[in-house]
Amino acid sequence: THSTFNVPTHCTFNVSPLSSCQTDKLQWNRDTVFFRDGVRRIDFVLSYVEDKDEKKPERRREFEANLEKAGLELETEDRRDSDDGRTYFLKIHAPWEVLATYADVLKIKVPFKLSDVPHAQDVPLGWLSQPFRLPEKIMRPQPDYFTTAFDKGKTDFFLINDKDSLFPPSTRNRIVFYILARCPYQKEDRQEKYKKGIKRLLSNGTYTAAFPLHDSRYWKGATNQECESERYNLYKNWARFLCFYKEQPLNLIRKYYGEKIGIYFAWLGFYTEMLFFAAVMGVICFAYGLLSYDDNISSKEICDPSIGGSIVMCPLCDKKCSFWKLNSTCLSSWQSHLFDNEGTVFFAIFMGIWVTLFLEFWKRRQARLEYEWDLVDFEEQQQQLQMRPEFEMKCTRKRMNPITKESEPYLPMSSKLARFCISGTTVLFWMSLIVACIIGVIAYRLAVFAAFASIMKDSPTRNIQLVGNLITPQLATSVTASCINFVIIMILNFFYERVAVWITDMEIPKTHLEYENKLTMKMFLFQFVNYYSSCFYVAFFKGKFVGHPGNYTYMFGEASRLRNEECDPGGSPHTLLMRNWWGSRKGRHQPENQYSRWEQDNDLLNFTQLGLFYEYLEMVVQFGFITLFVASFPLAPLLALCNNILEIRVDAWKFTTQFRRPVASKARNIGAWQEILNVVAILSVVTNAFIVAFTSDMIPRLVYLYSTHNKDELTMRGYVNNSLSVYSISQIRLDSMYRDYRYPPGHQKQYDHTMQFWHILAAKMAFIIIMEHVVFVVKFFVAWMIPDVPSEVKARIKRERYLIQEYLHNYEVEKLKLQLCLSNFPVPASATPTRNATSTANTTMTNMDACSELCTEVLCPLDTDETTAECPSPSPSLPGWKSTLESRDMAGDATA
């Protein structure tokens with residue numbers, strides 16, 4: 001496949017003893033990525049501290065002995081040379097034989113021909129994007145090559161200029177980690193299946209850390225231009241906040257960190273780009289609310305002292321709450337109009353289509369990256385190779401693989417079902433626990449609202465200038481309930497993370513991909529309920545099941561006296577939007593250490609298996625807020641855009657400065673997050689339709705506008721009075737109002753719903769059905785119109801596969817011709833083609849040149865094609881040719 005995988009030029013030391021790169025060694029500079037000899041590269045580092053446990057040194061001895069048997073070369077740094085005086089560092093180097101063997105096993109792609117596919121042509125007015133571009137050497141750190149899976153038996157087929165630099169450091173550390181994860185730490189005569197792998201040694205404290213090295217300091221590049229400084233280049237061109245307007249160097253990120261981290265930043269960058277269009281439409285919708293501010297007749301009536309000031313509203317709670325004037329909600333009604341207006345419907349429909357375009361265009365972008373990063377056939381080739389060591393250790397039963405016809409471990413179906421049931425039950429229990437906690441928070445709100453109302457009735461805070469009127473029982477209740485909810489979320493997150501890892505380990509997934517997908521689904525289901533439950537309550541339950549004066553609805557029955565919450569006449573979308581944005585961010589600062597490279601990296605933070613998960617989770621939760629509840633807050637995409645511009649640089653800064661270098665890992669796509677985004681996209685259409693219909697006042701206003709007026713006098717005057725119902729209090733001869741559509745006292749159907757209520761309900765249901773069907777039809781049509789893989793990418797993949805077959809065929813033919821020449825005719829020593837350890841496909845062609853001269857003299861002196869330097873097929877009539885073929889057939893030479 002097409003690749004930017006190149007023969008990277010890095011600091012080589014097989015030159016004169018006083019070369020510039022070896023100067024560091026002579027000056028005892030330990031800030032290096034090489035062994036003491038200055039030649040062998042450090043591919044991995046293990047650190048440990050001696051303690052009183054006698055088993056740990058024995059484990060280390062056996063483990064290191066087995067590593068050496070596997071072909072790895074080791075070098076230990078004594079604790080006396082470390083900065084703390086107690087830490088040992090074991091440096092690991094993988095020689096060529098080991099790298100070649102495991103590159104063959106892992107089917108690592110290696111270049112065999114320089115790509116002849118031209119890059120995309122500059123678009124018209126491309127100069128406008130120049131300020132946002134990075135230098136070409138940063139965007140494309142290597143030339144493009146055609147690549148194919150490495151074969152140790154055909155090293156001369158590939159472009160190998162230097163064995164030491166054929167595999168970049170990210171590939172080298174991936175190979176070494178593959179060995180470390182499967183190397184036992186017991187003697188060969190023992191058969192304890194669980195004593196295997198670096199992960200267990202880290203968990204039991206035998207080693208304290210295991211990590212590959214960064215290639216340089218992030219704030220300073222290598223003094224020699226030939227030495228690698230990719231970390232410095234990433235920090236300079238990507239991780240600094242001043243580069244926030246620049247494009248991301250995705251190829252360099254992929255080269256340094258691997259495809260898995262590269263695909264995350266590619267997705268995050270693409271998501272941020274697409275947010276720009278949603279943010280523009282959200283600002284337009286908000287601007288419409290501002291421009292129509294003075295035309296908001298409903299808010300004017302609420303704020304008018306002669307209208308809203310004369311309307312007495314029923315108490316919001318029993319006994320301790322007093323009557324209140326409608327104009328006290330004047331501010332909230334104006335605020336609601338900014339987000340709850342005619343433009344909201346258009347924006348909700350637009351976002352339903354936008355999310356489809358985002359997902360479809362991301363599939364195309366992902367397909368392009370799969371091609372450029374050698375991931376087209378990754379899934380099929382890597383399923384067996386990515387088998388987790390834990391699966392191999394815990395699954396003792398074997399069965400024949402029907403495809404490979406090889407024996408492999410497997411988990412019986414009965415065991416799978418039992419483990420799945422336990423896992424599913426555990427997840428449901430924790431989700432139910434979250435729902436119970438949310439219900440408890442709601443009960444708290446209902447219980448303390450009355451208390452705050454009685455306490456704050458004559459509170460001195462009422463007399464505070466400017467903010468005195470803003471300090472209300474509703475605000476106090478919401479703030480304290482939000483704090484409690486936040487604490488509950490943090491506590492449940494802390495425990496559930498460990499529970500999710502435990503039950504995923506218990507299921508014993510077969511491959512790393514399966515393990516990550518299972519863990520992702522469990523964590524997201526929990527986080528979905530944890531983060532969105534309060535928003536769903538405000539959007540769809542608050543104020544919907546209140547009842548009416550004299551017959552209120554209570555949360556746990558009338559005996560509990562916990563009366564359900566009501567919404568202000570101004571509406572509740574502004575309450576929902578206040579819950580959409582919160583978060584915390586931690587900044588960690590490490591001093592610049594001047595000791596050895598391995599000590600500098602050892603002092604950095606470890607990048608755990610859940611490190612990238614939380615980066616995805618943060619963005620997917622945000623994606624849910626701007627799609628599921630965007631009808632309540634059109635400015636959400638704008639805030640998300642600003643957040644993501646900062647998020648990209650903060651994540652880049654963390655990766656380049658705060659974390660140890662992660663082990664390079666391949667990933668074809670964003671995994672289970674793709675399906676999660678698809679589900680959220682579909683659910684967002686439903687939630688926004690219900691928010692516009694039931695949480696917003698849009699439908700009641702439209703029904704009032706078109707059903708109670710003639711076409712010549714369409715006006716919203718009188719809407720506030722029309723939306724309120726009367727309740728008569730005979731003891732004090734007072735008529736109070738409450739928000740509902742019910743018949744007044746004295747009517748034969750008093751306190752029953754009026755016909756207008758049923759008209760509005762029918763209009764709401766009709767709106768939901770129409771909006772959902774329109775959006776879904778457009779979504780599916782757009783998805784059908786936009787192919788997942790661009791046509792030019794399909795063409796390039798086909799061309800590349802054709803070229804691979806053609807080159808392999810030509811390679812085998814040329815090799816066969818060479819064997820025929822050398823095996824049938826004696827070649828003088830001076831003409832014998834030479835082959836050495838660094839021979840390539842070009843060497844084979846050189847050998848064929850030498851052989852062609854021999855063929856010219858012996859077989860075909862008159863027919864040699866000098867333009868191709870190849871011996872054409874000789875005529876069978878030439879003397880000796882027929883007898884030679886017959887003799888080889890009789891000998892049964894399979895090669896001939």
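Worth knowing before you read on, the calculation uses all heavy atoms, side chains too, and leaves out hydrogens, waters and symmetry mates. The chain is numbered in sequence order, starting from 1.
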Open item on the list: Looking at R40, is its backbone amide N or carbonyl O close enough to the side chain of H93 to form a donor-acceptor pair, meaning the two atoms are under 3.5 Å apart?
Closed with: no
Open item on the list: Is the shortest side-chain heavy-atom distance between K154 and E812 below 4.5 Å?
Closed with: yes
Open item on the list: With a 4.5 Å cut-off on side-chain heavy atoms, are L166 and L99 touching?
Closed with: no
Open item on the list: Would the distance check show the side chain of R661 and the main-chain N or O of Y256 forming a donor-acceptor pair, the cut-off being under 3.5 Å?
Closed with: yes
Task: Ring-ring centroid check F150 F167, cutoff 6.0 Å - done: yes
TODO: Check whether more than 12 heavy atoms from other residues, nucleotides or ligands sit under 6.0 Å from atom CD of E68, and answer yes or no.
DONE: yes
Open item on the list: Would you say the rings of Y271 and F358 are close, in the sense that their centroids are separated by under 6.0 Å?
Closed with: yes
- [ ] Identify the two heavy atoms, one from L617 and one from F524, that lie closest to each other, and give their separation to 0.1 Å.
- [x] CD1-CD1, 4.0 Å
Open item on the list: Measuring from atom OH of Y614 to atom OG1 of T608, what distance do you get when rounded to the nearest 0.5 angstrom?
Closed with: 8.5 Å
Task: F420 CZ: over 12 foreign heavy atoms closer than 6.0 Å - done: no
- [ ] Test K522 against E507 for salt bridge (Lys or Arg N to Asp or Glu O under 4.0 Å), laying out the working first.
- [x] CA-CA 12 Å; K522 291 180 179 64; E507 291 183 47; 2.5 Å; yes
Task: Flag for R60-T206: side-chain donor and acceptor within less than 3.5 Å - done: no
Task: Distance-minimising heavy-atom pair for P662 and I261 - done: CG-CD1, 3.7 Å
- [ ] For Q366 and Y371, test the side chains for any donor-to-acceptor distance below 3.5 angstrom and give the result as yes or no.
- [x] no
Task: Set of residues satisfying ring pair (Phe, Tyr, Trp, His ring centres under 6.0 Å) with respect to Y264, sequence neighbours excluded - done: Y616
- [ ] Take atom CZ of F776 as the centre, draw a 6.0 Å sphere, and report whether it contains more than 12 heavy atoms from other residues, nucleotides or ligands.
- [x] yes
Task: Check against side-chain contact (heavy atoms from CB on, under 4.5 Å), V621 and Y532 - done: CA-CA 9 Å; V621 168; Y532 297 139; 3.9 Å; yes
Task: Note, F158 side chain near T148 side chain (heavy atom, < 4.5 Å) - done: yes
Open item on the list: Under 4.0 Å between a side-chain nitrogen and a carboxylate oxygen: does that hold for R660 and D601?
Closed with: no
Task: Lys/Arg-Asp/Glu bridge criterion (N-O < 4.0 Å) met for E806, K113 - done: no
- [ ] State plainly whether the residues R254 and E259 are in salt-bridge range, i.e. N to O under 4.0 Å.
- [x] yes
Task: Trace of the ring pair (Phe, Tyr, Trp, His ring centres under 6.0 Å) decision for F265 with F655 - done: CA-CA 11 Å; F265 280 104; F655 273 94; 5.5 Å; yes
- [ ] May I ask you to test the N669-Q674 pair for a side-chain heavy-atom distance under 4.5 Å?
- [x] no
Task: Any K69 side-chain heavy atom under 4.5 Å of E64 side chain - done: no
Task: Partner of I92 by side chain to side chain contact (heavy atoms under 4.5 Å, CB included), out of V45, L180, I179, I42 - done: L180
Task: R182 to Y178, cation-pi by 6.0 Å centre distance and 45° axis angle - done: yes
Open item on the list: Quick test of your reading of the model: are D788 and R364 salt-bridged, counting only N-O distances below 4.0 Å?
Closed with: no
- [ ] Check the angle between the aromatic planes of F112 and F157 and answer parallel, tilted or perpendicular using the 30° and 60° thresholds.
- [x] parallel
- [ ] Find out whether M523 and L519 are in side-chain contact, i.e. whether some heavy atom of one side chain is under 4.5 Å from a heavy atom of the other.
- [x] yes
Task: Between W502 and Y496, ring centroids under 6.0 Å - done: no
Open item on the list: Rounded to the nearest 0.5 Å, what separates atom CG in N173 from atom CG in L213?
Closed with: 9.5 Å
Task: Closest approach of R172 to D43 (non-hydrogen atoms, all atoms of both residues) - done: NE-OD1, 2.7 Å
Open item on the list: Please give me the minimum heavy-atom distance between A210 and I198, naming the atom from each residue.
Closed with: CB-CG1, 4.1 Å
- [ ] Quickly, which of F613, W362, W267 forms a ring-ring contact (aromatic ring centres under 6.0 Å, His included) with W673? Name it, please.
- [x] F613
Task: CZ/R397: more than 12 non-hydrogen atoms of other groups inside 6.0 Å - done: no
TODO: Please determine if E370 and R365 form a salt bridge, counting it only when a charged side-chain N lies under 4.0 Å from a carboxylate O.
DONE: no
Task: Sidechain-backbone polar pair: N602 side chain, W598 backbone, donor-acceptor under 3.5 Å - done: no
Task: Contact check, side chains of E50 and K56, non-hydrogen atoms, under 4.5 Å - done: no
Task: Short N-O contact, R368 and E792, less than 4.0 angstrom - done: yes
Task: Separation between CD1 of I786 and OG1 of T356, rounded to the nearest 0.5 Å - done: 9.0 Å
Task: Stepwise side-chain contact (heavy atoms from CB on, under 4.5 Å) test for Y88 and S47 - done: CA-CA 6 Å; Y88 292 87; S47 65; over 6 Å; no
- [ ] List the steps and the verdict of side-chain contact (heavy atoms from CB on, under 4.5 Å) for F528 and I676.
- [x] CA-CA 10 Å; F528 183 89; I676 290 172; over 6 Å; no
- [ ] Please say whether the positively charged group of R59, taken as NZ for Lys or CZ for Arg, lies over the ring of Y207, i.e. under 6.0 angstrom from the six-membered ring centre and within 45 degrees of the axis.
- [x] no
- [ ] Over 60° means perpendicular and under 30° means parallel, so classify the ring planes of Y257 and H214, tilted if in between.
- [x] perpendicular
Open item on the list: Could you walk me through whether S415 and R419 satisfy the side chain to side chain donor-acceptor pair (under 3.5 Å) test, starting with their C-alpha distance in whole Å, then the side-chain angles of each, then the deciding distance to 0.1 Å, before giving a yes or no?
Closed with: CA-CA 6 Å; S415 179; R419 294 170 188 272; 3.0 Å; yes
TODO: Taking all heavy atoms of G258 and all of A664, pick out the closest pair and write down the distance.
DONE: CA-CB, 4.1 Å
TODO: Report yes if some heavy atom in the side chain of E516 is under 4.5 Å from a heavy atom in the side chain of P509; otherwise report no.
DONE: no
TODO: Hey, could you give me the OG1/CG distance between T208 and N606, rounded to the nearest 0.5 Å?
DONE: 10.5 Å
Task: Presence of salt bridge, K152 and E97, under 4.0 angstrom - done: yes
TODO: Using the side-chain contact (heavy atoms from CB on, under 4.5 Å) rule, take R801 and V376 through it: C-alpha gap first, then chi angles, then the decisive distance, then the call.
DONE: CA-CA 11 Å; R801 287 175 176 168; V376 174; 3.6 Å; yes
Open item on the list: Please report the interatomic distance CZ(F44) to CD1(I175), rounded to the nearest 0.5 Å.
Closed with: 12.5 Å
- [ ] Classify the side-chain pair E675/N517 by whether it contains a donor and acceptor separated by less than 3.5 Å.
- [x] no
Task: Polar side-chain atom of D104 near backbone of A100 as donor-acceptor pair, under 3.5 Å - done: no
Open item on the list: Ignoring hydrogens, what is the shortest heavy-atom contact between V680 and G624? Give both atom names and the distance.
Closed with: CG1-CA, 4.0 Å
Task: Gap between atom CE of M506 and atom OG of S423 - 0.5 Å precision - done: 5.5 Å
- [ ] Indicate yes or no: does E360 engage K779 in a salt bridge with an N to O separation below 4.0 Å.
- [x] no
